[in-house]
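Notes follow once the structure below has been shown.
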Protein chains: 2
Amino acid sequence: MSLKHGLLGLLNYGSMTGYELDKAFKDSLSFFWQAKNSQIYRELDAMERCGWLTSERVIQNQKPNKRVYSITDSGKEELTNWLSSPESDIADAMRIRSAFLMRVFFAGERSIDQSLEMLRTYREQCTESSKGMSAAQDIISEYGAVVGDDRKAEYWKLVALYGEVFYDASLNWADKAIALLEEMKR
Amino acid sequence: MSLKHGLLGLLNYGSMTGYELDKAFKDSLSFFWQAKNSQIYRELDAMERCGWLTSERVIQNQKPNKRVYSITDSGKEELTNWLSSPESDIADAMRIRSAFLMRVFFAGERSIDQSLEMLRTYREQCTESSKGMSAAQDIISEYGAVVGDDRKAEYWKLVALYGEVFYDASLNWADKAIALLEEMKR
DNA sequence: TTAATCATGTAACACGTTACATGATTGC
DNA sequence: GCAATCATGTAACGTGTTACATGATTAA
């Protein structure tokens, strides 16, 4: 149910259209959760039906009409309840799900050179992603200063810091893996 | 399509029933990919229909009858092709998907103490998981020695090493996060 | 006697992805 | 003239989860 709660969290900052939510999602939550607009619209529909949101149609001329969603008291309550019971998501965070690791697992079925190539590509991507997360923290700091909510910005930065730590660890692992395979070649 | 390829990889080691595949999956691939038996049976069905597998019914007395699956040449080809084009899974490995981080993102909506409690639970879980992955490497070493396939065992250990590195990095992040929140309280 | 192991599945639902449709306005 | 932005969605499909059903054998 994380998509629903992500949307609730964003709407708790202020009312928005589905289109704006999609963009807000991409600009903030997409570091750790991804969603397509088709799914967002579907979930908004379901959330409205269960009373967490209300929507009103706004007629615009020279632009397509839009539907503005607002969180209800029931929605705020749901958000609070969700934030108060993190157990299942902590358990979930202990699960790794990676098709890439499945390839490493079966790497014995092909040549060492092919595996090395894969690992080197992976390594490069980790480097880039780590840089991106490092940059994100600076952007969040600036943004936090502009909107004057340093406290919230600290949490946002923590999330980006997790990203950096994660990609750095993956990078270090890749280096070890590459070294091991090079050793195996001799 | 990772579940399909995981099953192909296991069947490439030798023919098995759905039940045995389920157990083999839990004992090896489940560190980085999870699947329920209901899904495994469904996928086996689909894979047989597309010619990657064949199955034969074995009648047993005093035990339920069983269906033994074997990989076909077409299935082996598919496995090889899959192993040769890892690009999309490398890209996928760069994506973080974590409901737990969503909670950290929205942690500004509740008390610091509540967040601290969540992070401490998370931290404990990381410690345990890291130990589990460390132990897994020893078990794999022994197992590799027994079955006499050290080369494959090296890759399996690499996967477990990734797990250890991942949980250790998460743990270090949690420590930083906890320190930051304790600072915020003052 | 109770739980675990062996062994197969079905049905329904939840969540995620891909592809498509519409159509005006604005900036390069 | 072409791409991007604004703004909404539908349809179909793919993947993952939950709950259930069956029924014999074996070990605690």
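The sequence lines fix the lettering, A, B, ..., with proteins before strands; numbering per chain opens at 1.
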>> Taking ring-ring contact (aromatic ring centres under 6.0 Å, His included) as the definition, give me every residue that meets it alongside B/W82, ordered by chain and number, with sequence neighbours left out.
In response: B/H5
>> Short of 4.0 Å, heavy atom to strand atom, which residues of residues 86-101 of chain B count as contacting DNA chain C?
In response: B/R95, B/R97
> NZ of A/K4 to CG of A/L53: how many Å apart, nearest 0.5 Å?
Replying inline: 10.5 Å
>> Please determine whether residues B/V104 and A/Y13 belong to a single hydrophobic cluster, defined as Ile, Leu, Val, Met, Phe, Trp and Tyr linked transitively by side-chain heavy-atom distances below 4.5 Å.
In response: yes
> Which residues, if any, of residues 12-21 of chain B bring a heavy atom under 4.0 Å of DNA chain C?
Replying inline: B/T17, B/G18, B/Y19
> About how many Å separate CZ of A/F105 and CG of B/L158, when rounded to the nearest 0.5 Å?
Replying inline: 12.0 Å
>> Suppose we screen for salt bridge (Lys or Arg N to Asp or Glu O under 4.0 Å). Which residues come up paired with A/R120, at least two apart in sequence or across chains?
In response: A/E182
> In this structure, are over 12 heavy atoms from other groups packed under 6.0 Å from A/Q114 atom CD?
Replying inline: yes
> Atom OG of B/S84 and atom CG of B/L79: how far apart are they, to the nearest 0.5 Å?
Replying inline: 9.0 Å
>> Going by the rule salt bridge (Lys or Arg N to Asp or Glu O under 4.0 Å), which residues pair with B/E56 if we only count those two or more places apart in sequence or in a different chain?
In response: none
> Who passes salt bridge (Lys or Arg N to Asp or Glu O under 4.0 Å) against A/D45, sequence neighbours left out?
Replying inline: A/R49
>> On DNA chain C, compare the nucleotides closest to A/K4 and A/Q62; which residue's is nearer the 5' end?
In response: A/K4
>> Could you work out, with salt bridge (Lys or Arg N to Asp or Glu O under 4.0 Å) as the rule, every residue matching B/D168, not counting sequence neighbours?
In response: none
> In residues 31-53 of chain B, which ones come under 4.0 Å of DNA chain D, going by heavy atoms?
Replying inline: B/W33, B/K36, B/S38, B/Q39, B/R42
> salt bridge (charged side-chain N to carboxylate O under 4.0 Å, His left out): which pairs involve residues 66-91 of chain A, sequence neighbours left out?
Replying inline: A/D89-B/R103
> Which angle, rounded to 10°, do you find between the first-five-pair axis and the last-five-pair axis of the helix from C/dT1-D/dA28 to C/dC28-D/dG1?
Replying inline: 50°
What donor-acceptor contacts under 3.5 angstrom involve side-chain atoms of residues 141-149 of chain B, with partners at least two apart or in another chain?
residue, atom, partner, partner atom, Å
B/S141, OG, B/Q137, O, 3.2
B/S141, OG, B/K157, NZ, 3.0
B/D149, OD1, B/K152, N, 3.4

> For A/F106 and B/G6, which heavy atoms make the closest approach, and how far apart are they?
Replying inline: CZ-O, 3.7 Å
>> So, taking the atom named OH in B/Y167 and the one named CD in B/Q125, what distance separates them when rounded to the nearest 0.5 Å?
In response: 10.0 Å
> What is the distance from CG of A/D22 to C1' of C/dT17, rounded to the nearest Å?
Replying inline: 14 Å
> For A/L3 and C/dG16, what is the distance between atoms CG and C1' respectively, to the nearest whole Å?
Replying inline: 10 Å
> Do other residues, nucleotides or ligands put more than 12 heavy atoms under 6.0 Å from the NZ atom of B/K26?
Replying inline: yes
> What are the 5'-most and 3'-most nucleotides of DNA chain D lying under 4.0 Å from any heavy atom of chain B?
Replying inline: D/dT15 to D/dT25
